[in-house]
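Read the structure below first, then the notes.
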Amino acid sequence: MDYLPFEQPIADLEAEIHDLESQQDESAEAVELLRQKKSELARITDEIYSQLTPWQTVLVARHKNRPHTIDYLSLVFDEFVELHGDKFFGDDRAMRTGFAKLDDRKVLVIGHQKGRNYKERTENFFGCAHPEGYRKAMSKMRLAAKYGLPVICLIDTPGAYPGIGAEERGQAQVIAENMYEMSRLETPIVCVVIGEGGSGGALGIGVGDRVAMMQHSYYSVISPEGCAGILWKNAEFAEKAAEALKFTSKNLKRLGIVDEVIPEPRGGAHRDHHMTASRLKQFLGKSLKNLCDMPTDELLNQRYEKFRQIGVFLEETSQEETSLAD
Amino acid sequence: MRCPDCSKAIFRKEADKRQGICPECGYHLYVSAKNRVEQMLDAGTFEEWDGDLRPADPLEFKDKKPYAKRLVAEQKRTGLSDAALTGTGMIRARRVAVGITDSAFIMGSMGSVVGERLTRLIERATEQDLPLIIVSGSGGGARMHEGILSLMQMAKVSAALARYDQAGGLYISVLTHPTMGGVAASFALLGDVVFAEPKALIGFAGPRTIKATIRLELPEGFQTSEFLLKHGYIDRIVRRPNLKSEIARTIDYCGK
C-alpha cells in the first residue's frame with residue numbers, strides 16, 4: 001500500500017493489525033484486541049476521509065493506485081472493443097475510445113488514460129491528450145450518434161497537453177469544437193470525473209446530459225499549481241489555491257455543476273476498485289435508462305439548458321444575486 | 001511609451017491617431033473595447049446590451065487580494081463593469097450583433113458576466129438573424145477567481161454558437177493580442193470566418209507553461225497570428241485599418 005502523508009494514522013494501525021494477525025494468537029484476548037484495532041481503523045479511516053482538505057482531495061484524485069479508465073473498462077463493462085485513431089494524425093494513448101457493453105446495453109466509451117507505471121505514463125503523456133486525442137473522441141462520438149449508441153465519457157486528466165506539437169495541431173480549436181459538437185450530438189452523453197478534471201482538457205469530453213463526479217475527484221478551471229503560479233507567483237502556494245478554487249465534488253454539487261456525487265468506498269477508490277466500479281456502474285445504468293427513452297429534441301433542449309443556466313452574477317436593476325445554478 | 005515590438009520610443013497620441021498602431025513599425029497595440037467600438041462601427045450606431053450585469057464573488061475567492069476588491073479596482077481603472085462589452089450597431093450600414101472582450105480587465109478573462117453577456121448576444125443574434133462579430137482579446141482565458149463557473153462558460157457560449165450555426169447565422173471571429181486559454185478554446189476559434197490582427201499571441205497553453213513542460217526553447221514566432229495562419233487555423237490576417245471593410249465584405253459574400 002502506498003500511503004499519502006495524511007494517512008499516517010491509517011498506516012500505523014494497519015501495520016499493528018498486520019503484526020497481530022501474523023502472530024496467529026487465537027486467545028480470546030488477542031481476538032478481542034484485533035477486533036478493537038479493526039474497528040478503530042474503520043473509525044479513523046472514515047474520520048480522515050470525511051474531512052479531507054481540498055489539497056488532500058487532489059492527492060487522493062492523483063493516487064497512483066486509483067482506478068483509471070482501463071480499470072473501469074474491465075470492471076464495469078462486459079466487453080471493450082477499442083477503436084483507435086483520429087483518421088487524421090495519430091492514435092493518442094492518453095485518450096481511449098471504443099465500443100463497450102454495459103450489461104445488455106451497447107455503448108461507446110471515451111476516457112482519458114494516465115497509465116500506472118513509468119513506461120505507461122510516458123506513453124500516455126500522463127493523461128494529457130493532444131489534439132489528435134480530442135479529434136479521435138469526436139470522430140467516435142459521431143459514429144455513436146449515427147448508430148444510436150449512447151456515449152460515456154470518463155474524465156481523468158491534469159489538463160490538455162501543453163506542447164509545441166499540440167499548439168501546431170490546434171489544441172484550442174479541437175477543445176472548442178468538441179464542446180460545440182457535443183452540445184448538439186444526437187445521442188445521450190453521460191460524463192463522470194473519475195480522478196482529475198483538469199480544465200479545458202476535461203471539458204473537451206465533458207459536455208453531456210448528466211455530469212457526475214466520484215466523491216474524491218476534483219474538477220477545476222486550472223490546476224492548483226498553475227493557479228498558485230499565476231496568482232501567488234509561486235507554485236508552492238498550491239495548497240492555498242486548492243482551498244480558494246472550491247473544486248471538490250461537494251462544492252460542485254452545491255454550485256449546481258454536477259448532478260450527482262458517486263460515493264467512494266471507505267478510504268477512497270484506490271482501496272477497493274471493485275466496489276468503486278460497481279457504484280459507477282449503478283450510476284451509469286440508472287442515467288442511461290432515463291436518457292435513452294427521451295426524444296432527441298427534448299434531450300438536446302435539456303442539455304442546452306443544463307449549461308445555459310450556469311453562472312452567478314448580479315443584475316443591477318434588481319441588485320439581487322442571480323444564482324441561476326440553484 | 002515604448003513599442004513592445006520595435007522598442008522605439010513613441011507617443012501614445014501618435015499611435016492613437018492611427019487606431020493604436022505603432023507609427024514606427026506598424027505593430028498593433030492594445031485598444032480598449034470602447035475605442036474598438038468607435039473604430040469598427042458606424043459612428044453613433046452602437047447600442048449596448050446587458051450593460052446592467054455585474055460580476056459577483058460566488059466563491060468568496062481570495063489570493064493575495066480578495067476578488068471582490070480586485071473587481072472594484074478593475075472597474076475603477078478601466079471604466080468597465082467586466083471584461084466584455086456587447087450590443088448591436090452598424091458596420092458600413094449593415095446591422096450586426098457585436099461582442100468585444102477587453103484584455104485590460106483582469107486579463108480579459110471570462111467569468112460568469114462575460115459568459116452570460118456573450119451567450120445573450122449570440123441568442124439575440126439568432127432570434128434577430130444578425131451577423132455576429134466577436135473581437136477577442138484575453139490573456140487570461142477562463143477566470144480563475146470564479147473557478148468552475150468560469151470553465152463552464154466555455155461550454156455555455158460554445159453551445160449557444162452551435163445553435164446559432166444551426167439557424168444559419170454567420171459568425172466572424174476577430175482575434176487580437178492576446179487570445180489564450182479558455183477564450184481561444186471556446187468562442188474565439190469557432191468562427192465561420194476567423195480573422196486575426198498581425199503578430200497577436202494566440203494559443204491554448206501559455207508559452208511559459210509549455211517551456212516549463214517540455215524544457216526546450218520555443219521556435220521563433222510560435223503562437224503568433226502568422227504561425228496560426230501557416231498551420232491552418234485562421235482565414236486571414238487583417239490589419240486594423242482594413243478590419244471594418246473586411247467584415248463588411250465577408251457579410252456580403254455570405255449573403256447576410
Side-chain angles (χ1 to χ4, degrees), chain A residues 159-164 166-177 179-184 199-200 202-204 206-207 219-222 226-227 229-233 237 240-241 244-247 251-252 255 257 303-304 307-317 321-323 325, chain B residues 51-56 58-59 61-64 111-113 115-116 119 141-156 158-163 165-166 180-182 184-190 202-206 209-210 213-214 216 218-219 222-223 227 231-233:
Chain A
Y161 191 77
I164 296 174
E167 296 291 319
E168 286 175 336
R169 299 195 290 278
Q171 192 68 287
Q173 175 91 29
V174 293
I175 290 173
E177 269 181 18
M179 294 184 296
Y180 187 80
E181 295 301 341
M182 287 178 89
S183 76
R184 61 183 180 186
S199 191
L203 198 52
V207 176
Y219 195 178
S220 180
V221 65
I222 188 168
C227 180
I230 296 168
L231 294 180
W232 279 267
K233 315 284 176 211
F237 286 84
K240 276 210 153 119
L245 286 163
K246 305 231 166 44
F247 54 38
N251 289 129
L252 267 73
L255 288 165
I257 307 294
R303 192 183 303 159
Y304 186 79
F307 288 87
R308 177 66 189 87
Q309 57 153 6
I310 298 176
V312 179
F313 48 83
L314 312 164
E315 294 236 43
E316 210 180 42
T317 41
E321 193 153 328
T322 317
S323 175
Chain B
D52 60 338
L53 299 189
R54 291 288 176 278
L59 305 189
F61 192 94
K62 192 168 172 259
D63 49 273
K64 285 179 164 173
S112 297
V113 169
E116 183 68 18
T119 304
R143 188 176 298 165
M144 292 175 279
H145 314 75
E146 292 181 30
I148 194 74
L149 294 164
S150 300
L151 187 72
M152 292 297 153
Q153 301 307 308
M154 293 165 60
K156 174 166 125 181
S158 301
L161 284 171
R163 284 199 160 182
D165 171 63
Q166 215 119 351
M180 298 299 292
S186 61
F187 59 88
L189 284 166
L190 288 172
I202 303 159
F204 178 70
T209 309
I210 297 176
T213 308
I214 62 174
L216 290 171
L218 302 177
F222 182 61
Q223 294 183 314
F227 174 91
H231 288 283
Y233 293 99

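For clarity, every value in this text was computed on a predicted model and none was experimentally measured. Each chain gets a letter, A, B and so on, in the order the sequences are listed, and its residues count up from 1. Only heavy atoms go into these numbers, but all of them, side chains included; no hydrogens, no water, no symmetry mates.
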Counting only heavy atoms closer than 4.5 Å, note whether [X] contacts chain B via side chain, backbone, both or neither.
X      : value
A/L245 : both
A/S220 : backbone
A/I175 : both
A/F247 : neither
A/A202 : neither
A/L203 : side chain

Are the side chain of B/E146 and the backbone of B/S112 linked by a donor-acceptor contact shorter than 3.5 Å? yes

Ignoring hydrogens and geometry, is there a side-chain-to-backbone donor-acceptor pair from A/E167 to B/F204 under 3.5 Å? yes

With a 4.5 Å cut-off on heavy-atom pairs, point out which of [options] contacts chain B the most.
options                        : answer
A/Q171, A/R184, A/K233         : A/R184
A/G229, A/S199, A/A241         : A/S199
A/V221, A/I222, A/I230, A/V207 : A/V221

Shortest non-hydrogen contact from A/K246 toward A/L252: O-CD1, 3.7 Å

Contact class of [X] relative to chain A, heavy atoms under 4.5 angstrom:
X      : answer
B/A188 : neither
B/F187 : neither
B/F222 : side chain
B/T213 : side chain

Pick from [options] with the largest number of heavy-atom pairs that fall under 4.5 Å of chain A:
options                       : value
B/L216, B/L189, B/V113        : B/L189
B/M180, B/Q153, B/R143        : B/Q153
B/S150, B/P55, B/A160         : B/A160
B/H145, B/M154, B/K64, B/K156 : B/K156

Got a second to check how far [X]'s [atom1] is from [Y]'s [atom2], nearest 0.5 Å?
X      : Y      : atom1 : atom2 : answer
A/I164 : B/I214 : CD1   : CD1   : 3.5 Å
A/M179 : B/L161 : CE    : CG    : 9.5 Å
A/K240 : B/K62  : NZ    : NZ    : 7.5 Å
B/Q223 : B/I210 : CD    : CD1   : 4.0 Å

Report yes if the side chains of [X] and [Y] come closer than 4.5 Å at any heavy-atom pair, otherwise no.
X      : Y      : answer
B/Y233 : B/I202 : no
B/L190 : B/D165 : no
B/L149 : A/I257 : yes

Does the Lys NZ or Arg CZ of A/R303 fall within the cation-pi geometry relative to A/F307 - under 6.0 Å from the ring centre and within 45° of the axis? no

